[in-house]
Amino acid sequence: RGGGSPSSDFKGFTLLMPAVSVGNVGQLAIDLVISTFNMTKVGYFYTDCLVPMVGNNPYATAEENSMELSINAEVYSLPSKKLVVLQIRSPFIKNKYRPFCQTLLSWVKSSKCDRVIVLSSSHAYQCDDEQLLGTPLRYLLTPDLEKAVGGLMQELNWKEMEKVAAYPGINDKVLHIPGGGITKLLFTESCSKGIQMAVLLKFCSEGDNIPDAFALVNYLNEWHQLIKSEVNTSSQWKIPSSWRLLFGNGLPPALF
């Protein structure tokens, strides 16, 4: 379980996690947070809902720690900022969204986390006319978190994720997050369970999603001020060593 034990106590902490969504933008943004603050790995989140994987330490800073192993879902902690981070590194197994959400939310309650922030993304090509206007960044708050921070979002002048028509010409509007993976299910489950959750997302396309990750982590920083700064700049965030291989190895010279 998260933190290495089901009874880990993160009372007063904010849980930050990615949705495995289009362009892996949330996961890349989480990489930047873990790397910048050199966060301590405190355990793993054991689940059979994700594709199994194992690899080298993605945040290696020297040869000595480069051989440490990492798996598909790990938990990092930063007590000085009351922040706990769940990083997910592999896709979901088919039909396992719901059991994962149930396990995750029950851990959130048992570990006493104050609130959850999910970093996500959605297909830009499926934006409606209203969503094409202005910023490509959006937020969602569950009713319980809306009471606590709704006013701040107004001050920040953030745009809430718009609901869209369920069918053309029909007035019924629904929440639609194409390409968002578990985002919608996790959010609606949190609404019904009284969990304080925020979703921060960016409309994007598959490709080089590093600029999207910087945009999303800067968006988070506007609210949470993880890095104190008058102006958010990408140079404040530390790129992890694993990003050197984001697009695979270079072409072997023997080809030419």
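- Side-chain contact between Leu226 and Leu220 is present, with at least one heavy-atom pair separated by less than 4.5 Å.
- Taking both residues in full, the closest heavy atoms of Pro178 and Gln126 are given as CB-OE1, 3.3 Å, listed atom of the first, atom of the second, then distance.
- If you take CG on Leu105 and OG on Ser190, they are separated by 4.5 Å, rounding to the nearest 0.5 Å.
- A donor-acceptor pair under 3.5 Å is absent between the side-chain atoms of Lys193 and the main chain of Lys109, judged by distance alone.
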Check: Is there a side-chain contact (heavy atoms from CB on, under 4.5 Å) between Ile30 and Leu119 once you walk through the steps?
Finding: CA-CA 8 Å; Ile30 294 286; Leu119 301 185; 3.9 Å; yes
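- Between Leu156 and Leu152 there is a side-chain heavy-atom pair separated by less than 4.5 Å.
- Proximity of a side-chain donor or acceptor of Thr47 to a complementary backbone N or O of Cys49 within less than 3.5 Å is detected.
- Checked by atom type and distance alone, the side chain of Thr142 pairs as donor or acceptor with a backbone atom of Ile195 at under 3.5 Å.
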Checklist line | side-chain contact (heavy atoms from CB on, under 4.5 Å) between Ser77 and Phe10, intermediate numbers included | finding: CA-CA 9 Å; Ser77 175; Phe10 292 115; 4.2 Å; yes
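- Atom CG in Leu140 sits 6.5 Å away from atom CG in Leu201 (nearest 0.5 Å).
- Here the side chains of Leu175 and Phe187 are in contact, with some heavy-atom distance below 4.5 Å.
- In the hydrophobic cluster analysis, where Ile, Leu, Val, Met, Phe, Trp and Tyr join through side-chain heavy atoms closer than 4.5 angstrom, Leu50 is grouped apart from Val22.
- Ring-centre distance between Trp223 and Tyr139: not below the 6.0 Å cut-off.
- Between Lys96 and Asp48, at least one side-chain N (NZ, or NE/NH1/NH2) sits under 4.0 Å from a carboxylate O, which counts as a salt bridge.
- Side chains of Glu74 and Ile88 form no contact here, defined as non-hydrogen atoms less than 4.5 Å apart.
- A donor-acceptor contact shorter than 3.5 Å links the side chain of Asn65 to the backbone of Ala62.
- Of all non-hydrogen atoms in Leu141 and Ala198, the two that sit nearest each other are CD2-CB, 3.6 Å.
- Linking Ile, Leu, Val, Met, Phe, Trp and Tyr whenever their side-chain heavy atoms come within less than 4.5 Å leaves Ile182 and Met53 in two separate clusters.
- At least one side-chain heavy atom of Val33 sits under 4.5 Å from a side-chain heavy atom of Val217.
- Ile210 contributes atom CD1, which lies 7.0 Å from atom CG of Leu28 (distance to the nearest 0.5 angstrom).
- Separation of atoms CG (Leu186) and CD (Gln102) is listed at 11.0 Å; rounding is to 0.5 Å.
- Once rounded to the nearest 0.5 Å, the distance linking CG of Asn57 with CG of Leu69 reads 9.0 Å.
- At least one side-chain heavy atom of Phe37 sits less than 4.5 Å from a side-chain heavy atom of Lys81.
- Between Tyr59 and Ser241, the shortest heavy-atom distance links the atoms C-OG, 4.0 Å.
- Under a 3.5 Å cut-off, the side chain of Arg89 and the backbone N or O of Ile71 do form a donor-acceptor pair.
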Notebook entry, point to check: Given the rule in the side-chain contact (heavy atoms from CB on, under 4.5 Å) test, do Met17 and Val108 qualify, once you have shown the distances and angles that lead to the verdict?
Noted result: CA-CA 12 Å; Met17 63 171 285; Val108 167; over 6 Å; no
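- Judged by distance alone, with hydrogens and angles left aside, the side-chain atoms of Asn209 form no donor-acceptor pair with the main-chain N or O of Asp212 at under 3.5 Å.
- Residues Phe214 and Tyr219 place their aromatic rings such that the two centres sit no closer than 6.0 Å.
- Closest approach of Leu15 and Leu86 over heavy atoms only: CD1-N, 3.9 Å.
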Checklist line | Intermediate values then yes/no, side-chain contact (heavy atoms from CB on, under 4.5 Å), Leu16 and His224 | finding: CA-CA 11 Å; Leu16 182 64; His224 264 267; over 6 Å; no
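- Using modelled atom types and a 3.5 Å distance limit, the side chains of Asn221 and Trp237 yield no donor-acceptor pair.
- Panel note: side chain Asn24, backbone Val20; no donor-acceptor pair is recorded below 3.5 Å.
- Under the 4.5 Å side-chain criterion, counting only non-hydrogen atoms from C-beta, Ile177 is in contact with Ser122.
- For the pair Val85/Val75, no side-chain contact is recorded, criterion being any heavy-atom separation below 4.5 Å from C-beta on.
- No donor-acceptor pair closer than 3.5 Å links the side chain of Asp31 to the backbone N or O of Pro240.
- In this structure, Arg138 contributes its side chain and Gln131 its backbone to a donor-acceptor pair below 3.5 Å.
- Salt-bridge annotation for Lys41 and Glu68: absent, with no side-chain N of the basic residue lying under 4.0 Å from a carboxylate O of the acidic one.
- Closest of all the heavy-atom pairs between Val118 and Pro18 is CG1-C, 4.3 Å.
- Between the side chains of Ser121 and Ser21, at least one donor-acceptor pair of N or O atoms lies under 3.5 Å.
- Judged by distance alone, the side chain of Thr14 and the main-chain N or O of Leu83 form no donor-acceptor pair under 3.5 Å.
- In the hydrophobic cluster analysis, where Ile, Leu, Val, Met, Phe, Trp and Tyr join through side-chain heavy atoms closer than 4.5 angstrom, Ile93 is grouped apart from Tyr44.
- Taking CD from Glu222 and CH2 from Trp158, the interatomic distance works out to 6.0 Å, rounded to the nearest 0.5 Å.
- The two residues His176 and Val164 make their nearest non-hydrogen contact at CB-CG2, 3.5 Å.
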